[in-house]
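A quick write-up on the structure given underneath.
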Amino acid sequence: MGYNFKEVEKKWQEKWETEGTFNAKNDFSNTKKWYGLIEFPYPSGQGLHVGHPRSYTALDIVARKRRMQGYNVLYPIGFDAFGLPAENFAIKNHIHPKIITEQNINHFRNQLKSLGFSFDWSREVNTTDPDYYKWTQWIFIQLYKHGLAYKATMPINFCTGCKVGLANEEVVNGVCERCGSEVIQKEKSQWMLKITEYAQRLIDDLADVDFLDKIKAQQINWIGRSEGAEVKFKITESEETLTVFTTRPDTLFGATYMVIAPEHKLIDELKEKITNMKDVEEYKRKASLKSDFERSEINKDKTGVEIKGIMAINPLTNKEIPIWISDYVLSSYGTGAIMAVPAHDSRDYEFATKFNLPIIQVVDGDCDIEKEAFTDVETGTMINSGFMNGMSVKDAKKKVIEYLEENKIGERKINYKLRDWVFSRQRYWGEPIPMVYCEECGWVPISEEELPLKLPEVKDFEPGENGESPLAKMTDWINTTCPHCGKPAKRETDTMPQWAGSSWYFLRYMDAHNDKVLASKEALEYWSPIDWYNGGMEHTTLHLLYSRFWHKFLYDIGVVPTKEPYKKRTSHGMILGTNGEKMSKSKGNVINPDEIVDEFGADTFRVYEMFMGPFDQSASWSMESIRGCAKFLDRVWNLQEILVDGNEYSGEAEKLMHKSIKKVTADIEEMKFNTSVSTFMTMVNEFYKLNRINKAEFRTFITLLNPFAPHITEELNKKIGFDDELAYCKWPEYDEAKTVDDEIELPIQINGKLRGAVNISIDENEETIKEKVHEAMKERLENQNIVKEIYVKNKIYNIVIK
RNA sequence: GCAGAUAUGGCGGAACUGGUAGACGCACAGGACUUAAAAUCCUGCGAGGGUUAAACCUCGUCCCGGUUCGAUUCCGGGUAUCUGCACCA
């Protein structure tokens, strides 16, 4: 009789659901708690992607193992449901995004349930639910009250055809994805969050968490701390100064020109004095067409215009040097202006060579300055640098900063690449920003009792004409009174970015239905911090940083008990199409998880996704390989046919059992799920070779396999006569002494090449091994001069001959 | 461009802290069962040479170089591919 996965999986899923088997217990007295978190999905119209279950299965395995180890486990799920696709669908089809979102969520929920994850569905959250975003808005108000939210003028992508603001994603090769018109950068007043104030702490506190090293590196590089100095340059014919940030103040004597970003305010301030304003304006216009990314990408061919009529003065040499405008300098980094030292910076070198600007070498070292810039900071010696001549770069740096500070022309400065977070979106489908503008009082947050500030019902989701949110057309909603003085006032019409809801969702899971606070103190104290967070490598910069920032803020104001939200963070690789490319509708290589579950069942699906390759690396889908996993589970099912009695491991299987328990127990912690599955396969092969498996061995085997394939193992457990369920049974233990072989085959090498092997008992005396080895290698060693013999205990015996 | 990662048979991959490269699975080939096919079971399976068969030999973990008795693993220099780049999530 074959294994009927359809019947069995349905039976167990229904049982788990009606009994709430996997719901976390609100018993805060159990001190062993474990909180596992996966990134909640965006419920797209395409349904679940086969990539989602890779992460969910992995932590599901850990969660199930933890339950067996006696932990009170919280493994929640929810939906990050605000976002562009639903809104764009709404515009096209005139359906409210709320309706589409609801449909999509229902679809996702069913798909997730069909895979047998041990989620606690009683705590499901949905970021678009007013009961949820009430608290997103509440956090924003706290940020505002603490001076971390402010208004600033920032550029948005603006489509000259549709007259609307666009997301970066909607800009393809500089034109609008929809209408093909030119996209320009347009200045707009937007809400900003001061994440830069937390930059140093976001770096420092990484020391206290267990994130993969590569994730820490990504975070640190993204924040981009660099030490250097700010230097003020005087401008001729003017009282203005031009301040630059540089990491190489030691090369100040070699600064032969300045470059400012096209958006730099100096241009406006000195436009009376600039004699070639036309050229400058034209260059600015062209630059506004490019994003920062394009600007740094296309730096092979540098462009720029000299600003005529004004010069800067090098504060050390007192020489006048020209000021240029170029888009390789970004307004968003540092001060938006640089001092160019072409001899010691390769971008400046390229620019100077192209425009014939002077190159003065100030650091001497092993390099031909005629050919390229000398950028090494370790070996050089200062030249052409007045009071710094003869110093090392390191000493010169120190000296020049002292000099700058003494003479009040500059100071030591730490700069971060990290920029403040642009928090406004000119969109409908997002959390309304709970702020009101009053002519008298300025920006005022709405009263917290009024939260949630619900999205008004609108019919038309088209964005407003001047890059404004669709809410700008809702005059009834906009007009309100000032919470402060009571006079007529207007609401903010921009909404929050999708990042908002996902920056704190993990807190809501701890106490999902609380209507007084975002989560109770007891729940926060008990469940914090998240013990293990797994998600995609593509989220390791932005989402991770944003949520850490919010968490730190909530810690500062006493809402949460820990500095960091996540104790441990790991990442999974992407699942690619069968052709090795990213799955996408247009490429026609999308695998639908429903079809896989229908054909093979959830257990096979889960086992396959764990077996397909190293968890942290991308893997291509293979329809052939998944059949191998289905076959494996059939073989597991058929083990019943060779089942014999026995309450203890039999002698012939004992080593296998202890070794396998050890391997799987460790593999799960290290996320080496693929080798766990290999271990299961090897076990099954061994049982068939022995042509018997006893009850004790069977029970251990299905317990180990249960987190991977929960349905079939629960069913087998019943079939072989156990009354309990594996979900909360005890995780198997192993005896270290029984995991080692008594006898091993010791490989023998001659000059590092494998030449044979001898059987030895474990930890055998070196003398007798030597005898055995020499006996075995007798012919090869005849008339040879033995130079050296190396024995690595129980590993290898190497003889070096000459 | 900047940042992070990856590279091993026909394919996915395994190999603990530098110690028998290729576990496990797929594909393929041969055999058993069957009237036949599917399913299942058994055997083989890096390349080249060698042998009736074996033994055995040489090469082989992206490329070039180094350290070492010994390198997929460590070091230096390259190449290729993947991911992110702030309004996709």
Side-chain angles (χ1 to χ4, degrees), chain A residues 2 39-42 44 80 82-85 154 156-157 165-171 190 195 213-215 217-222 224 291-300 328 332 347 417-427 497-499 502 536-543 545-546 571 573-574 576 580-582 608 611-614 616-629 631-632 634-635 638 666 672 674-675 677-682 685 688 745-757 787-790 792 794-801:
Chain A
E39 286 167 345
F40 62 163
Y42 171 73
S44 77
D80 188 16
F82 276 127
L84 263 189
M154 294 298 290
I156 60 166
N157 299 310
L166 297 176
N168 283 348
E169 197 192 42
E170 297 171 297
V171 182
Q190 310 205 59
I195 189 172
D213 285 342
K214 60 178 174 180
I215 297 175
Q218 289 265 36
Q219 293 262 300
I220 290 167
N221 291 332
W222 185 260
S291 65
D292 280 3
F293 177 43
E294 284 174 298
R295 286 195 199 179
S296 44
E297 182 180 42
I298 313 168
N299 79 348
K300 281 186 185 103
Y328 82 94
S332 53
R347 285 160 307 177
K417 275 204 190 86
L418 184 69
R419 318 202 284 253
D420 276 342
W421 177 4
V422 183
F423 201 68
S424 299
R425 299 291 183 275
Q426 295 71 45
R427 292 284 175 172
Q498 192 169 20
W499 305 109
S502 61
M537 204 57 204
E538 67 274 20
H539 293 281
T540 48
T541 46
L542 296 177
H543 162 63
L545 205 62
Y546 290 155
S571 287
M574 251 203 271
L576 307 170
E581 289 179 72
K582 205 169 167 171
Y608 170 62
F611 185 58
M612 68 195 301
D616 60 344
Q617 283 167 39
S618 57
S620 304
W621 191 269
S622 159
M623 277 304 179
E624 284 77 44
S625 291
I626 195 168
R627 274 185 201 107
C629 293
K631 195 164 117 183
F632 161 67
D634 276 337
R635 276 163 72 79
N638 293 333
K672 291 162 81 175
N674 52 335
T675 51
V677 176
S678 306
T679 304
F680 295 136
M681 289 171 168
T682 306
N685 291 346
Y688 278 111
E745 200 175 64
L746 183 76
I748 306 167
Q749 292 184 335
I750 291 178
N751 288 345
K753 288 196 176 182
L754 185 70
R755 284 295 181 259
V787 182
K788 199 172 172 185
E789 290 180 56
I790 298 141
V792 182
N794 301 330
K795 288 273 186 201
I796 206 156
Y797 199 102
N798 191 12
I799 302 171
V800 186
I801 58 174

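B:rC74 sits 24 Å from B:rC59 when the P atoms are compared, rounded to a whole Å. For the P atoms, the distance linking B:rC75 with B:rU68 amounts to 16 Å, nearest Å. Taking atom P in both B:rA55 and B:rG70, one finds a spacing of 27 Å when rounded to whole Å. As rounded to the nearest Å, B:rA27 and B:rG78 have P atoms that lie 43 Å from one another. Straight-line distance between the P atoms of B:rG48 and B:rA53: roughly 16 Å, to the nearest whole Å. B:rG66 sits 30 Å from B:rC2 when the P atoms are compared, rounded to a whole Å. Taking the C1' atom of each, B:rA15 and B:rA71 are spaced 13 Å apart, rounded to whole Å. Taking atom P on both B:rA14 and B:rG22, the two are 15 Å apart, rounded to the nearest angstrom.
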(request) Please test A:Lys417 against A:Asn221 for side chain to side chain contact (heavy atoms under 4.5 Å, CB included), starting from the C-alpha separation and ending with a verdict. (result) CA-CA 9 Å; A:Lys417 275 204 190 86; A:Asn221 291 332; over 6 Å; no
(message) Show, in sequence, the C-alpha distance, side-chain angles and deciding distance for A:Ile156 and A:Gln190, and conclude whether the side chain to side chain contact (heavy atoms under 4.5 Å, CB included) test is met.
(response) CA-CA 9 Å; A:Ile156 60 166; A:Gln190 310 205 59; 3.1 Å; yes
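As judged by a 4.0 angstrom heavy-atom cut-off over every strand, A:Leu84 is placed among residues touching the sugar-phosphate backbone only. Looking at heavy-atom distances under 4.0 Å, A:Phe680 makes no contact with the nucleic acid at all. If you check every strand for non-hydrogen atoms under 4.0 Å, A:His539 touches a base. No contact: A:Ser502 has no heavy atom under 4.0 Å from any strand. Within 4.0 Å of A:Pro85, counting heavy atoms only, lies no atom of the nucleic acid at all. Residue A:Gln426 is classed as a base contact, given a heavy-atom separation below 4.0 Å to a base. A:Glu745 comes within 4.0 angstrom of a base, heavy atoms only. When heavy atoms are screened at a 4.0 angstrom cut-off, A:Ile156 is found touching base atoms of the nucleic acid. As judged by a 4.0 angstrom heavy-atom cut-off over every strand, A:Gln219 is placed among residues making no nucleic acid contact. Contact annotation for A:Thr675: backbone-only contact, meaning every heavy-atom pair under 4.0 Å involves sugar-phosphate atoms and none involves a base.
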Between N or O atoms, less than 3.5 Å apart, protein on one side and nucleotides 27-33 of chain B on the other: list the pairs.
none

Give me the distances for all protein-to-nucleotides 2-7 of chain B N/O pairs that come in under 3.5 Å?
residue: B:rA3; atom: O3'; partner: A:Asn221; partner atom: ND2; Å: 2.7
residue: B:rA3; atom: O2'; partner: A:Asn221; partner atom: ND2; Å: 3.2
residue: B:rG4; atom: OP1; partner: A:Asn221; partner atom: ND2; Å: 3.3

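Neither OP1 nor OP2 of B:rA86 sits under 4.0 Å from any side-chain N or O of A:Arg419. Between B:rG84 and A:Lys582, a contact under 4.0 Å exists linking OP1 or OP2 to a side-chain N or O. For A:Asn685, no side-chain nitrogen or oxygen approaches OP1 or OP2 of B:rC24 to under 4.0 Å.
Here B:rC57 presents its C1' atom at 13 Å from CG of A:Leu754, a figure rounded to the nearest Å. Atom pair A:Leu545:CG and B:rG84:P shows a separation of 17 Å (rounding to whole Å applied). Here the P atom of nucleotide B:rC56 and the CD1 atom of A:Ile750 are 13 Å apart, to the nearest Å. For A:Asn751 and B:rC69, the CG to P distance is 11 Å, given to the nearest whole Å. Summarising the geometry, the separation between CG on A:Asn638 and C1' on B:rC41 is reported as 12 Å, rounded to the nearest angstrom. One interatomic measurement links the two molecules: CZ of A:Phe632 to P of B:rU40, which rounds to 15 Å at whole-angstrom precision. A:Asn674 places its CG atom 9 Å from the P atom of B:rG13, with the value rounded to the nearest Å. At whole-Å resolution of the value, CD1 in A:Ile220 and P in B:rG84 are 21 Å apart.
Among all heavy-atom pairs drawn from A:Leu418 and A:Leu545, the shortest one is CD1-CD2, 3.6 Å. A:Tyr608 and A:Ser625 make their closest contact through CE1-CB, 3.5 Å (heavy atoms, listed as atom of the first residue, atom of the second, distance). The minimum heavy-atom distance linking A:Arg427 with A:Leu84 is given by the pair CZ-CD2, 3.2 Å. Counting all heavy atoms, side chain and backbone alike, A:Met154 lies closest to A:Val422 at CE-CG2, 4.2 Å.
The main-chain N or O of A:Thr540 is found under 3.5 Å from a side-chain atom of A:Gln219 such that the two form a donor-acceptor pair. In this structure, A:Gln749 contributes its side chain and A:Ile796 its backbone to no donor-acceptor pair below 3.5 Å. The main-chain N or O of A:Phe40 is never found under 3.5 Å from a side-chain atom of A:Asp80 such that the two would form a donor-acceptor pair.
Comparing B:rG19, B:rC24, B:rG84 by their closest approach to the side chain of A:Met681 singles out B:rC24. Of all nucleotides listed (B:rC69, B:rC87, B:rU20), B:rC69 comes nearest to the side chain of A:Lys788.
Applying the 90° cutoff around 0 to the glycosidic angle, B:rG9 is assigned syn.
Both key distances under 3.5 Å define a Watson-Crick or G-U pair, and stretches of 3 or more such consecutive pairs in RNA chain B run B:1-7 with B:79-85, B:10-12 with B:24-26, B:28-32 with B:40-44, B:46-49 with B:56-59, B:62-66 with B:74-78.
For A:Tyr797, the ring-ring contact (aromatic ring centres under 6.0 Å, His included) partners are A:Tyr791, not counting sequence neighbours. For A:Asp616, there are no side-chain hydrogen bond (donor to acceptor under 3.5 Å, both in side chains) partners, not counting sequence neighbours. By the ring-ring contact (aromatic ring centres under 6.0 Å, His included) test, A:Tyr546 pairs with A:Trp421, A:Trp499, sequence neighbours left out.
Between A:Val677 and A:Asp420, it is A:Val677 whose nearest contact on RNA chain B lies nearer the 5' terminus.
If you check distances only, the side chain of A:Lys795 does reach the base of B:rC16 with a donor-acceptor pair under 3.5 Å.
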